[in-house]
Amino acid sequence: MDARLFNQKIETTYKQAAQLYKRTKVASPEQRAELLEQSLEELRITLEELHVAEEEILAQNQELAIAQNQIEIERQRYLDLFEFAPDGYIVTDATGKIREANRAAAKLLNVPQQFLVGKPLISYVPYDQRQVFRTQLQKMSQMQQMQEWELTICPRHAVAFDAAVTVSSMYNASGIPMGWRWLIRDITARKQAEATIRTIQLQNLQLQEAAKLRAHFLAIMSHELRSPLNAIVGFSQLLLRQTQSALPHNQENMVSRILSSGRHLLVLIEDILDFSKVEAGKLTLKLEPLNVVDLVIATTEEMHCLAEQKHLELQRSFAIQSSIITNDSVRLRQILLNLLSNAIKFTEVGKVEVRVWELGSDRIAIAVEDTGIGIAPEDLQSIFQPFRQGNQTLTRQHGGTGLGLAITDSLVKMMGGKISVESQLGEGTTFYVELPRQVGQQ
Ligand code: ADP
């Protein structure tokens, strides 16, 4: 029952009482008694109805109080959400004056919340951006949808910052614009990160360009150096052969040194040339079926003399059923030679051993093991990087470019394999090369 019905009932009771009064005035004494009885009965019924209605109203009042309480809790919840949101929330009227602002907004604008109310939001936009700001708002009022844009915000007595602003318009029940809701987020960190990424991308491009130029330069230089060196090596060889025992001993000695230095330089230049080719992605594999056992035997034979000079044992062992693989014989030989010459170079006593075995049906492994000086743990990480050399004093003593392992690593990768190293300082080093049996062109 609502209050209106309740009032109606009371009114009806009043009317009934008035009628009774009128009728009793003109009635005889017997009629009066009867009327009184009737009226008392009606009054009793009406009072009962009123009582019921009163109880209903009381119950409704209770429900209403509960609902109001619920609404208050919800209101407080939304207020807290607005108030404690991490981003700045601002409500302005249609002219852009601030009506409400949460804590984050006050913090962003560096103004206490209560002093923000009534201030035009545009006063926190730099002068040179205000025209754009107005135009943007103008546009938005016609579009009736949420808009996002970036602008600079100038807080009071603080440094300006980049902000991402999301704006939506508010309308009253008749569809008339009432104001704007603003979400303001400080994006300084994001902007800085973007700027850093741009700088890194630029530097990356410059580095790539520099790497290309370097590779190109190295290729040209190595080529230019190789031709005269070939002449030096060739002619000194010829001179030695032609003038055998005709030259005085010290001159023959000099020519021999020209020849060996020339050969050494040629090896270095070959390394540089190979490396620049790998870097420039210009190195291709000439794949063919080959016998890996034969190749290992031939390569170790080539190194035999060097090992013998240092009184090192050069051993090899094979645990392979089918020794035919598909690979580039020149490049595989180059890998083996690099590893073997290092092993001999860095070993003074003991032995160097090459082992070949099968890894399942489609891969093979080659290990080159020595009992030499070993590699320090801190050098192991960077050993395959170009121009990296371990112990500098020893390296100077042994020569080398620091390119051999970088080239070996690139070649193994081109073949679809992988290379790894295990070493103990003073105990020796083992390089493991794992390769597919059938190398495909990468
Ligand atoms: P290079 O031998 O021309 O200096 P490499 O790339 O072949 O260049 O080798 C890089 C460095 O790795 C060498 O200078 C050396 O310090 C270390 N190294 C390579 N192989 C061995 C090995 N078997 N034993 C000890 N050190 C090695």
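Note that ligands are numbered from 1 as they come in the structure, with each ligand's atoms numbered from 1 the same way. The chain is numbered in sequence order, starting from 1. The structure displayed is predicted, hence computed values, not measured ones.
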Ring pair (Phe, Tyr, Trp, His ring centres under 6.0 Å), that's the test. Do Phe133 and Trp182 meet it? Break it down for me. CA-CA 13 Å; Phe133 183 85; Trp182 304 76; 5.6 Å; yes
Does Lys345 come within less than 4.0 Å of Asp370, counting only side-chain N to carboxylate O?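 Salt bridge flag = no for Asp370 with Lys345.
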Check: Gly404 N/O within less than 3.5 Å of ligand 1 N/O: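 Yes, Gly404 has an N/O under 3.5 Å of an N/O on ligand 1.
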Does Gly374, backbone or side chain, put an N or O under 3.5 Å from an N or O of ligand 1?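 No, there is no polar N/O contact under 3.5 Å.
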Residue [X] vicinity, atoms of ligand 1 by number, heavy atom under 4.0 Å:
X      : answer
Leu403 : 6 (O), 8 (O)
Leu405 : 5 (P), 6 (O), 7 (O), 9 (O), 12 (O), 19 (C)
Phe431 : 20 (N), 23 (N)

Nearest atoms (heavy-atom pairs only) where Leu290 meets Leu332: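 The pair with the smallest heavy-atom distance is CD1-CD2, 4.3 Å.
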Could you tell me whether ligand 1 has any atom less than 4.0 Å away from a heavy atom of Ile375?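 Judged by the 4.0 Å heavy-atom criterion, Ile375 does count as contacting ligand 1.
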Sequence neighbours left out, what passes salt bridge (charged side-chain N to carboxylate O under 4.0 Å, His left out) with Asp93? Give chain and number order.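 If we apply the salt bridge (charged side-chain N to carboxylate O under 4.0 Å, His left out) test to Asp93, skipping adjacent residues, the hits are Arg99.
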Partner set under salt bridge (charged side-chain N to carboxylate O under 4.0 Å, His left out) for Glu83, not counting sequence neighbours: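 Checked Glu83 against salt bridge (charged side-chain N to carboxylate O under 4.0 Å, His left out); matches are Arg103.
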From the options Leu287, Thr326, Val439, select the one residue that forms a side chain to side chain contact (heavy atoms under 4.5 Å, CB included) with Met415.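 Exactly one candidate clears the test, Val439.
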Which one of Thr371, Asn342, Ile407, Val352 has a non-hydrogen atom at the shortest distance from atom 20 (N) of ligand 1?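 Considering heavy atoms of Thr371, Asn342, Ile407, Val352, the nearest to atom 20 (N) of ligand 1 sits in Asn342.
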